[in-house]
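Position 1 is the first residue of the sequence, and the numbers go up from there. As the structure is a prediction and not an experimental result, all values here were calculated from the model.
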Amino acid sequence: MKRFQWRKDDRTIRLSHELSKGEKEATENRKAKVLECLKSLGIARDEDTKDDMPNIAVLGSGGGLRAMIALQGSLVEMKKQGLLDAVLYLCGVSGSTWCMSTLYKDKDWTEKVQDLEERLCDTLSKSSWDLHKAYSLVCQAAKDELFSLTDIWASFVVYKILNQYDQTKLSQQDDASTSGTNPYPIYAAVEAKILHKAHENSPGTWFEFTPHESGFPGLGAFVCTKDLGSKFENGKLKDNSEEKSICYLQGLWGSVFGCIEENIKYLKELVLQIFSGGLRGKHEYAVGGAGTHCTCTHCRSALLLLEFHGHASAGEDCEGVFGKLKEVLKEHKGKNSYQKCCEMSETWNSKTLAARMEECAEFGRIFETEHGGSVSSACQLFWKICICIFHWRWGSIYNFLYKCRDAKSTGLDKDEVINLIDAGIGINSAYPLVLRPERKVKLILSFDFSSKDPFKTIKKTAKYCEANNIPFPKIDPEKLKNTDTPSSCYIFRGKDIPTVMHFPLFNKENCPDKIHDFRERYSTFHFSYKEDDVKELLKRAKMNISNNKERIWEEIQQIVSSSTKKF
């Protein structure tokens with residue numbers, strides 16, 4: 001059995017669309033397991049080889065804690081039905097990555113996935129989140145110049161939801177990924193700047209993480225995962241940084257629970273809770289009972305900045321907040337920010353919303369430069385968080401393509417920092433990653449855990465593929481009209497293109513007449529469930545496999561019988 005080994009010369013960026021050496025070796029080992037599985041079920045023949053086997057990928061969509069639990073149930077039932085050992089790739093977005101990253105801590109998780117399900121039920125139903133530990137972790141993270149809201153989200157949301165702060169590293173999943181025992185894992189994110197400029201149909205927006213390499217598959221630019229976040233210049237490692245923890249990555253992969261407005265509101269409330277009564281007696285913000293916070297000019301100005309941003313982005317009257325800002329900035333002796341505030345207030349009402357937001361962003365940059373002086377540690381942390389919320393700064397890491405002459409065509413070589421965020425903002429399922437032609441996937445089992453339209457991911461994927469000339473089955477819109485009462489499985493085929501089997505989580509087979517009730521019961525905004533609720537969700541997810549096992553096997557049989565080495 002081949003095993004991937006790190007080499008010193010791997011510590012440079014790789015500009016190529018080929019799969020990494022680690023992935024090639026891992027999938028080669030896994031294909032032996034797939035062949036063994038299909039032969040035992042009479043689907044493959046004795047003369048068939050690993051190269052004849054269809055590459056099957058499982059996709060888990062986003063959906064918060066609901067997606068994490070539902071993917072776990074789906075994988076358990078796939079194992080029970082003998083399907084899991086036929087899968088080559090396991091790829092996730094957002095909440096599905098929480099499930100995956102938990103499983104791959106165990107080097108042979110597919111062999112004991114049922115036991116891991118029981119452990120999951122026990123972990124999720126018993127709160128072990130420590131507020132003071134979370135605060136300490138954020139304080140430590142704030143020392144990094146690339147501190148962002150992802151650090152807050154990981155410690156105060158993901159850690160609390162999952163009841164564990166996983167300090168292991170993604171590169172440490174090598175054993176669980178390479179031996180062939182488990183499918184090869186792919187975790188998804190998107191780059192915020194490219195997404196904003198080029199939108200979701202640009203292949204350059206997609207960023208993938210594997211235990212061996214991470215990078216932009218659409219641009220053919222990768223770096224060793226253990227070096228992701230280190231400083232690179234002209235394609236070479238310049239300053240090594242410690243690899244980010246899994247909990248941080250879980251915060252990066254899974255930080256979208258709705259619209260930006262809802263997230264901003266949630267984070268503002270969280271910040272005020274942290275720096276008021278939540279940690280009374282533990283730091284300088286303990287100046288009274290719950291609801292009180294530091295009243296120094298440094299913190300008052302930061303809070304007013306957030307208030308101003310909220311009014312501005314909502315198109316509301318800013319006259320009152322302008323007055324308060326001028327007062328505190330003058331007291332704080334912020335000459336440049338005070339002058340900018342005065343200028344904005346005079347012309348504000350005559351500007352469009354877009355022009356206002358441009359001025360708002362410029363004001364924020366001036367404010368951050370001028371008021372980032374030395375203050376007490378707690379005040380500094382509070383100020384940093386407020387600034388991150390104002391700029392909506394997530395997933396900031398050093399760009400490994402910085403000043404890379406050979407990568408100028410990507411348009412990223414001038415950016416020292418990139419911002420990786422939840423791929424659910426783009427397409428809530430990582431089709432663009434498994435559709436990489438180098439991965440030669442023939443069958444995609446798509447588990448959709450979305451909260452509303454269960455066909456949105458596949459419709460957006462069809463548009464993505466059309467825009468980028470990627471082979472994808474034709475999607476008949478007539479088949480996807482029943483968003484309120486979907487079936488449990490939809491099959492999309494075509495000639496010489498991957499077959500897609502799409503499974504909406506709640507449907508008329510596993511919860512007839514109660515689809516709306518289950519969607520409400522398992523809302524994306526529910527951050528915890530009782531043990532009975534967890535078991536009920538696992539049950540419904542498993543039914544989508546058991547109710548369609550024959551159809552899945554038929555598709556595999558058909559693909560195997562028609563497969564050739566030229567696919």
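- For Arg439 and Tyr89, the positive end sits near the middle of the six-membered ring, less than 6.0 Å away and at most 45° from its axis.
- Between Glu18 and Lys24 there is a salt bridge, since at least one side-chain N of the basic residue sits less than 4.0 Å from a carboxylate O of the acidic one.
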**Asked** For Tyr464 and Phe472, what are the C-alpha separation, side-chain angles and deciding distance, and is it a ring pair (Phe, Tyr, Trp, His ring centres under 6.0 Å)?
**Response** CA-CA 10 Å; Tyr464 174 90; Phe472 195 71; 9.5 Å; no
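- If you check the side chains of Ser94 and Asp422, you find a donor sitting under 3.5 Å from an acceptor.
- A donor and an acceptor atom, one from each side chain of Gln250 and Ser101, are located under 3.5 Å apart.
- Of the possible polar contacts, none joining the Asn510 side chain to the Phe506 backbone as a donor-acceptor pair under 3.5 Å is found.
- For the atom pair CG (Leu120) and SG (Cys99), the distance works out to 7.0 Å, reported to the nearest 0.5 Å.
- Taking 4.5 Å as the limit, some side-chain heavy atom of Leu219 sits within range of a side-chain heavy atom of Leu412.
- Side-chain atoms of Thr110 and Val113, non-hydrogen and from C-beta on, never get closer than 4.5 Å to each other.
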Q: Run the numbers on Arg66 and Thr524 for side chain to side chain donor-acceptor pair (under 3.5 Å), then give the verdict.
A: CA-CA 7 Å; Arg66 175 186 63 249; Thr524 307; 3.0 Å; yes
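- The nearest pair of heavy atoms linking Gly364 to Phe390 is CA-CE2, 3.2 Å.
- When only modelled atom types and interatomic distance are considered, Thr225 and Ser214 share a side-chain donor-acceptor pair under 3.5 Å.
- The pair Glu416-Lys403 fails the salt-bridge criterion, with no side-chain N (NZ, NE, NH1 or NH2) lying under 4.0 Å from an Asp/Glu carboxylate O.
- No side-chain heavy atom of Ile246 sits under 4.5 Å from any side-chain heavy atom of Gln172.
- Between Glu358 and Lys351, none of the side-chain N atoms (NZ, or NE/NH1/NH2) sits under 4.0 Å from a carboxylate O, so this pair counts as no salt bridge.
- Looking at heavy atoms from C-beta onward, Leu170 lies out of side-chain contact with Lys226 at the 4.5 angstrom threshold.
- Counting heavy atoms from C-beta outward, Ser177 and Tyr104 have side chains that approach closer than 4.5 Å.
- Listed for the Asn399 side chain is no donor-acceptor partner under 3.5 Å among the backbone atoms of Ile418.
- A salt bridge between Glu368 and Lys384 is absent, with no side-chain N of the basic residue lying under 4.0 Å from a carboxylate O of the acidic one.
- Considering all non-hydrogen atoms of both residues, Lys460 and Gly426 come closest at NZ-O, 2.6 Å.
- A donor-acceptor pair under 3.5 Å is absent between the side-chain atoms of Asn547 and the main chain of Ser488, judged by distance alone.
- Ring pair Phe447/Phe449 is parallel by interplanar angle, where below 30° counts as parallel and above 60° as perpendicular.
- In this structure, the side chain of Trp153 engages the main chain of Gly254 through a donor-acceptor pair within 3.5 Å.
- Between Asn548 and Asn544 the shortest heavy-atom distance is ND2-O, 2.9 Å.
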Exercise. Determine, stepwise, if the pair Glu242 / Lys169 fulfils salt bridge (charged side-chain N to carboxylate O under 4.0 Å, His left out).
Key: CA-CA 10 Å; Glu242 183 180 357; Lys169 308 296 193 289; 3.6 Å; yes
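- Residue Lys238 qualifies as open at atom NZ: its count of foreign heavy atoms under 6.0 Å is 12 or below.
- Within the 4.5 Å cutoff, the side chain of Val87 has heavy atoms near those of the Met78 side chain.
- Asn507 and Ser487 are not linked by any side-chain donor-acceptor pair at a separation below 3.5 angstrom, with hydrogens and angles left out of the test.
- Surrounding CD of Glu466 are at most 12 heavy atoms belonging to other residues, nucleotides or ligands under 6.0 Å away.
- Distance check, rounded to the nearest 0.5 Å: OG of Ser96 to CG of Leu71 gives 4.5 Å.
- Using a 4.0 Å cut-off between a side-chain N of Lys or Arg and a carboxylate O of Asp or Glu, Asp453 and Lys459 qualify as a salt bridge.
- A salt bridge links Arg521 with Asp533: at least one charged nitrogen is closer than 4.0 Å to a carboxylate oxygen.
- In this structure a side-chain-to-backbone donor-acceptor pair under 3.5 Å is present from Thr210 to His212.
- Environment of NE2 in His196: sparse, with no more than 12 heavy atoms of neighbouring residues, nucleotides or ligands closer than 6.0 Å.
- Between Leu537 and Tyr522, the shortest heavy-atom contact is N-OH, 3.5 Å.
- In this structure, the side chain of Glu208 does not engage the main chain of Phe216 through any donor-acceptor pair within 3.5 Å.
- Trp394 and Trp392 have perpendicular rings, their planes meeting at more than 60° on a 0 to 90° scale where under 30° would count as parallel.
- Salt-bridge check for Glu233 with Lys236: failed, with every basic side-chain N at 4.0 Å or more from each acidic carboxylate O.
- Every pair passing ring pair (Phe, Tyr, Trp, His ring centres under 6.0 Å) that includes a residue from residues 224-255 is listed here, sequence neighbours excluded: Tyr187-Trp253, Phe209-Trp253.
- Partners of Ser202 according to the side chain to side chain contact (heavy atoms under 4.5 Å, CB included) rule, which considers only residues two or more places apart in sequence or in another chain, are Ile194, Ala198, Thr205.
- Ile69 and Val534 get closest at one heavy-atom pair: CG2-O, 3.8 Å.
- Around the CD atom of Glu316, the shell of radius 6.0 Å holds more than 12 heavy atoms that belong to other residues, nucleotides or ligands.
- Considering every non-hydrogen atom in both Ser230 and Asp239, the closest pair reads CB-O, 3.5 Å.
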- Query: Going through the checks in order, is the side-chain contact (heavy atoms from CB on, under 4.5 Å) test met by Leu443 and Ile556?
  - Reply: CA-CA 8 Å; Leu443 175 62; Ile556 295 175; 3.7 Å; yes
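- Put simply, the side chain of His502 never gets that close to the backbone of Asp448: no donor and acceptor are under 3.5 Å apart.
- Arg393 contributes no side-chain N or O that, together with a main-chain N or O of Ser148, makes up a donor-acceptor pair within less than 3.5 Å.
- Side-chain contact between Val76 and Leu116 is absent, with no heavy atoms from C-beta onward closer than 4.5 Å.
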Quiz item: How far apart are the C-alpha atoms of Trp98 and Asp166, what are their side-chain angles, what is the distance that settles it, and do they pass the side-chain contact (heavy atoms from CB on, under 4.5 Å) test?
Solution: CA-CA 11 Å; Trp98 296 351; Asp166 190 344; over 6 Å; no
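- Of the options Ile458, Leu435, Thr461, Thr499, a side chain to side chain contact (heavy atoms under 4.5 Å, CB included) to Ile444 is made by Leu435 and by none of the others.
- Asp476 places none of its side-chain heavy atoms less than 4.5 Å from the side chain of Tyr490.
- For the pair Ser20 (side chain) and Glu23 (backbone), a donor-acceptor distance under 3.5 Å is present.
- The existence of a salt bridge linking Lys197 and Glu191 is excluded, since no basic side-chain nitrogen approaches an acidic carboxylate oxygen closer than 4.0 Å.
- Counting only distance, with no hydrogens or angles, the side chain of Trp129 and the backbone of Tyr165 share no donor-acceptor pair below 3.5 Å.
- In this model, no donor atom of one side chain and acceptor atom of the other lie less than 3.5 Å apart for Thr123 and Asn163.
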